[in-house]
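In what follows, a single structure is set out as structure tokens and then discussed.
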Amino acid sequence: MAQYSRIEVARVMKETGMVPLFYHPDIELGKKVLKACYDGGARLLEFTARGDFAFEVFRELNKYAIKDLPGMIMGVGSITDAGAASFFMQMGANFIVTPSLREDIARVCNRRKVLWSPGCGSLTEINNAEELGCEIVKLFPGSTYGPGFVKAIKGPQPWTSVMPTGGVSTEESNLKGWFDAGVTCVGMGSQLISKDVLASGDFKKLEETVKNTLSLIKSLQNIK
């Protein structure tokens, strides 16, 4: 079962401002990525379960995090049905991220008080998600909507917490645009954990990238 409550996960998302996204079928490679992100200061990681037998990889990564990386919160993304959400929660997923809004997933996560973040693309979807108990809405794909969309919806709904995924990079101008618009945190995949890093095995570079990105985000949060 989850090691962290939905409120604890939401708090860490807000405090750190970033959720790294990662998938690879190689368990040992995954552990190195996880360790680099952890050493760089990240305290969350969304394992995007997109491959065959992805559950086997997540199970081992979560065991590793629990044993060797205290305070690291592992969640699962790319979940498209309640059965998959329940399955990963049985393996200790602390949060569930989905590409779209699904009430069946909301129900099984709420039953276990596990944070779930659905992909939404309209104010109506965001309202529906919040009525179903969503703490932090995933704006997906973020590149399609941009910071302007976030700023617009925060006007009438300042209580809405948004995490854009897609269209987010480590560049200061990009992050400043999102945080100035009022996002709670950002989800970042290949722009943070690049194919080049995975191919070269330069995990020290990944650690430094994570550290620098978190530092930049913290400065932008303080400006607000």
Side-chain angles (χ1 to χ4, degrees), residues 4-21 43-44 46 48 73 75-80 82 85 94-189 191-192 213-214 216-224:
Y4 301 89
S5 72
R6 65 195 301 172
I7 301 303
E8 289 173 317
V9 175
R11 176 180 56 80
V12 176
M13 285 182 173
K14 182 177 181 180
E15 288 178 354
T16 62
M18 182 178 74
V19 181
L21 282 62
R43 289 299 177 264
L44 302 128
E46 176 190 326
T48 52
I73 302 172
V76 181
S78 299
I79 298 299
T80 56
N94 294 286
F95 61 94
I96 298 292
V97 182
T98 73
S100 62
L101 174 61
R102 290 185 57 97
E103 186 172 344
D104 60 337
I105 295 177
R107 288 181 178 277
V108 297
C109 291
N110 288 339
R111 186 176 298 127
R112 294 173 182 246
K113 296 188 177 180
V114 169
L115 183 140
W116 58 284
S117 184
C120 295
S122 70
L123 193 53
T124 298
E125 286 186 333
I126 290 171
N127 286 336
N128 289 340
E130 291 177 328
E131 288 173 4
L132 291 168
C134 177
E135 299 286 345
I136 299 176
V137 173
K138 172 184 175 181
L139 180 64
F140 180 77
S143 57
T144 299
Y145 299 95
F149 179 85
V150 177
K151 186 176 182 179
I153 65 172
K154 293 283 283 188
Q157 296 192 181
W159 58 81
T160 295
S161 295
V162 180
M163 174 179 67
T165 300
V168 180
S169 73
T170 59
E171 296 176 0
E172 181 175 0
S173 59
N174 180 279
L175 291 170
K176 187 176 188 304
W178 286 114
F179 281 94
D180 282 355
V183 301
T184 296
C185 61
V186 295
M188 201 179 308
Q191 293 292 326
L192 181 72
T213 303
L214 287 171
L216 175 56
I217 288 172
K218 181 60 67 177
S219 69
L220 294 171
Q221 290 174 323
N222 291 336
I223 290 173
K224 288 170 61 182

Validation row: Leu101, Leu132 side chains within 4.5 angstrom (heavy atoms): yes

Side-chain donor/acceptor of Lys138 to backbone N/O of Ser100, under 3.5 Å: no

Nearest-0.5 Å distance, CD1 of residue Ile96 to CZ of residue Arg6: 12.0 Å

Closest contact, heavy atoms only, Gly155 versus Pro158: O-CD, 3.7 Å

Side-chain heavy-atom pair Asn94, Leu115 within 4.5 angstrom cut-off: no

Donor-acceptor contact present, side-chain Gln191 to main-chain Met188, <3.5 Å: no

Phe140 CZ to Met163 CE distance, which is reported to the nearest 0.5 Å: 11.0 Å

Main-chain N/O of Val150 paired to Tyr145 side chain as donor or acceptor, under 3.5 Å: no

Heavy-atom pair of closest approach, residues Gly167 and Ser143: CA-CB, 3.7 Å

Gln157 and Asn127 side chains, donor-acceptor separation under 3.5 Å: yes

Stepwise side-chain contact (heavy atoms from CB on, under 4.5 Å) check, Val108 with Arg111: CA-CA 5 Å; Val108 297; Arg111 186 176 298 127; 3.8 Å; yes

Side chains of Thr213 and Leu175 in contact at under 4.5 Å (non-hydrogen atoms): yes

Residue pair Asn174 / Val168, side-chain heavy-atom distance below 4.5 Å: yes

Worked check of side-chain contact (heavy atoms from CB on, under 4.5 Å) between Ile79 and Trp116: CA-CA 10 Å; Ile79 298 299; Trp116 58 284; over 6 Å; no

Student check: side-chain heavy atoms of Tyr4 and Val12 closer than 4.5 Å: no

Contact check, side chains of Leu21 and Val97, non-hydrogen atoms, under 4.5 Å: no

Closest approach of Val137 to Ser117 (non-hydrogen atoms, all atoms of both residues): C-OG, 3.7 Å

Reference residue Ile217; test side chain to side chain contact (heavy atoms under 4.5 Å, CB included); the match among Val186, Thr170, Thr16: Val186

pair Ile7-Glu135: side-chain heavy atoms closer than 4.5 Å: yes

Nearest atoms (heavy-atom pairs only) where Met18 meets Pro20: O-CD, 3.8 Å

Pairwise distance CE(Met13) to CD(Glu46) - rounded to 0.5 angstrom: 8.0 Å

Rounded distance [0.5 Å steps], CG in Leu123 versus CG in Asn128: 9.5 Å

Glu172 CD: over 12 foreign heavy atoms closer than 6.0 Å: no

Exercise: identify the closest heavy-atom pair between Ile126 and Cys120: CG1-CB, 3.8 Å

Non-hydrogen side-chain atoms of Val162 and Phe149 separated by less than 4.5 Å: no

Exam field: side chain Thr184 to backbone Lys14, donor-acceptor pair closer than 3.5 Å: no

Val19/Phe95 under side-chain contact (heavy atoms from CB on, under 4.5 Å): CA gap, chis, key distance, verdict: CA-CA 11 Å; Val19 181; Phe95 61 94; 4.2 Å; yes

Nearest heavy-atom neighbours spanning Ala82 and Ile105: N-CG1, 3.7 Å

